[in-house]
Colleague: 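My questions will all concern the structure given below.
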2 protein chains.
Amino acid sequence: MGRGKIEIKRIENSSNRQVTYSKRKNGILKKAKEISVLCDAQVSLIIFGASGKMHEYISPSTTLIDILDRYQRASGKTLWDAKHENLSNEIDRLKKENDSMQIELRHLKGEDITSLNYKELMALEDALENGLNGVRGSAQDVQEKCM
Amino acid sequence: MGRGKIEIKRIENSSNRQVTYSKRKNGILKKAKEISVLCDAQVSLIIFGASGKMHEYISPSTTLIDILDRYQRASGKTLWDAKHENLSNEIDRLKKENDSMQIELRHLKGEDITSLNYKELMALEDALENGLNGVRGSAQDVQEKCM
DNA sequence: GGTTCTATATATAAGGT
DNA sequence: TACCTTATATATAGAAC
């Protein structure tokens, strides 16, 4: 694309390389924007030139993190390391703990108990009676203090 | 670049959009390869089309993780640290939810209730009585079924 | 280190199969 | 649907700032 055709191999002359880099970098960034606008695509483009300077384009409809999350799911490759897996595991554990407490709370409030068998219902009844006794005792104490 | 000039805005005709996507996706992937070969650039290009299918190019001289590390250093933005933070926040949220359910459960079991005031105790008593009524009703149903 | 100027190489829009 | 064709729009090599 230009006065002469060039082979696609490293440009040896370093100032030519630099000039070509600058021009093509602009070109590819433009292409990235265009495809995301024209076609609703989500694009992440990150370029480091030989000088170390970075250029990037991320589709406005998304974030890099989002794209990387999707990348991991689509490619099966993992980017975040074991540290994150540990955190994810902890989240799973907490969610399970949460769920079972949620269920226990419902039961104690008399909700969702049709699935319980007789033995479980008796245990629940005991627990509730105990709780009630404790609460009534405590309530009485409080009342007496106020008199 | 073609028989007609097009404006850079979303292509409304979906089959045109799909065709254009496919062509431009190939074009930009080619450009990404070219700039990395010609100019020693390190490129990461990830594209998700509207269909959800992913395409990527990473310069052979590097890895995505490497580029992302450099991205974080160069941009000052955090990626996995941000991810890490999100996970940590979720853990905090779940732990708080957990704690408050824990407390509610203890109260319903008559534990740790000395810190409650009279009004709170009355509300707790109501909740327990309600629960007990529900459980007793349900237990009776079960018993009748078995007879 | 980037730009601008052109001639030329490439990419691709619209159409056909 | 996806792949050819081809006229046209764009990108860019080389040269000069």
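Model, not experiment: these values are computed from the prediction.
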Colleague: When the distance from CE of A/Met54 to P of C/dG1 is rounded to whole Å, what number comes out?
Modeller: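 Distance check: A/Met54 CE to C/dG1 P gives 18 Å.
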Colleague: Measure from CZ on B/Arg17 to P on D/dT1 and round the result to the nearest Å.
Modeller: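 Interatomic distance, CZ of B/Arg17 to P of D/dT1: 12 Å.
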Colleague: Between C/dT10, D/dT6, D/dT10, which one does the side chain of A/Met1 approach most closely?
Modeller: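 The answer is C/dT10, which lies nearest to the side chain.
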Colleague: Under 4.0 Å from OP1 or OP2 of C/dA11: is there any side-chain N or O of B/Lys30 that close?
Modeller: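 The answer is yes; a side-chain N or O of B/Lys30 sits under 4.0 Å from OP1 or OP2.
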Colleague: Look at the side chain of B/Ile6 and decide which nucleotide, out of D/dA9, C/dA13, C/dT10, has an atom nearest to it.
Modeller: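 Taking heavy atoms from C-beta onward, the closest nucleotide is C/dA13.
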Colleague: Would you tell me if any nitrogen or oxygen in the side chain of B/Gln18 comes within less than 4.0 Å of OP1 or OP2 on D/dT1?
Modeller: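 The answer is no; no side-chain N or O of B/Gln18 sits under 4.0 Å from OP1 or OP2.
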Colleague: Report the nucleotide, chosen from C/dT12, C/dT3, D/dA13, that has the shortest atom-to-atom distance to any side-chain atom of A/Val19.
Modeller: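 Per side-chain heavy atoms of A/Val19, the pick is C/dT3.
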Colleague: So, does B/Thr20 get its side chain near the phosphate of C/dT12, meaning an N or O under 4.0 Å from OP1 or OP2?
Modeller: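 No, outside the criterion.
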Colleague: Scan B/Ser22 against the nucleic acid and name what it touches under 4.0 Å (heavy atoms): base, sugar-phosphate only, or nothing.
Modeller: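 Touches nothing.
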Colleague: NZ of A/Lys31 versus C1' of C/dT12: gap in Å, rounded?
Modeller: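 Roughly 8 Å, once rounded to whole Å.
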Colleague: Rounding to a whole Å, what distance do you find between A/Asn16:CG and C/dG1:P?
Modeller: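 Nearest whole value for this atom pair: 13 Å.
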Colleague: Between A/Ser44 and A/Tyr57, is there a side-chain donor-acceptor contact under 3.5 Å, judged purely by atom types and distance?
Modeller: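 The answer is no; no qualifying pair exists.
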Colleague: Please evaluate residues A/Gln42 and A/Ser36 with respect to the criterion side chain to side chain donor-acceptor pair (under 3.5 Å), reporting the C-alpha separation (whole Å), side-chain torsions for both, the decisive distance (0.1 Å), and the verdict.
Modeller: CA-CA 6 Å; A/Gln42 317 222 285; A/Ser36 48; over 6 Å; no
Colleague: Return the nearest nucleotide to the side chain of B/Lys23; candidates are D/dA11, C/dA14, C/dG2.
Modeller: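 Closest of the options to the side chain of B/Lys23: C/dA14.
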Colleague: Which part of the nucleic acid does B/Lys5 contact within heavy-atom distance under 4.0 Å: base, sugar-phosphate only, or nothing?
Modeller: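 Sugar-phosphate, no base atom in range.
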Colleague: What's the CD1-P distance between A/Ile11 and D/dA13, to the nearest Å?
Modeller: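 To the nearest whole Å, that distance equals 7 Å.
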Colleague: CD of A/Glu12 versus C1' of D/dA13: gap in Å, rounded?
Modeller: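 Going from CD in A/Glu12 over to C1' in D/dA13 covers 17 Å.
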Colleague: Please step through salt bridge (Lys or Arg N to Asp or Glu O under 4.0 Å) for the pair A/Glu90 and A/Lys95, ending with a clear verdict.
Modeller: CA-CA 8 Å; A/Glu90 169 122 18; A/Lys95 277 186 177 163; over 6 Å; no
Colleague: Could you verify whether a donor N or O on one side chain and an acceptor N or O on the other, from A/Glu56 and B/Ser75, lie under 3.5 Å apart?
Modeller: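 No - no donor-acceptor pair under 3.5 Å links their side chains.
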Colleague: Look at the side-chain N and O atoms of B/Arg24 and state whether any lies under 4.0 Å from the OP1 or OP2 oxygen of C/dA13.
Modeller: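 It does, given that an N or O in the side chain of B/Arg24 lies less than 4.0 Å from OP1 or OP2 of C/dA13.
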Colleague: If I compare all heavy atoms of A/Leu79 with all of A/Gln72, which pair ends up nearest, and what's the gap?
Modeller: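 The pair with the smallest heavy-atom distance is N-OE1, 2.6 Å.
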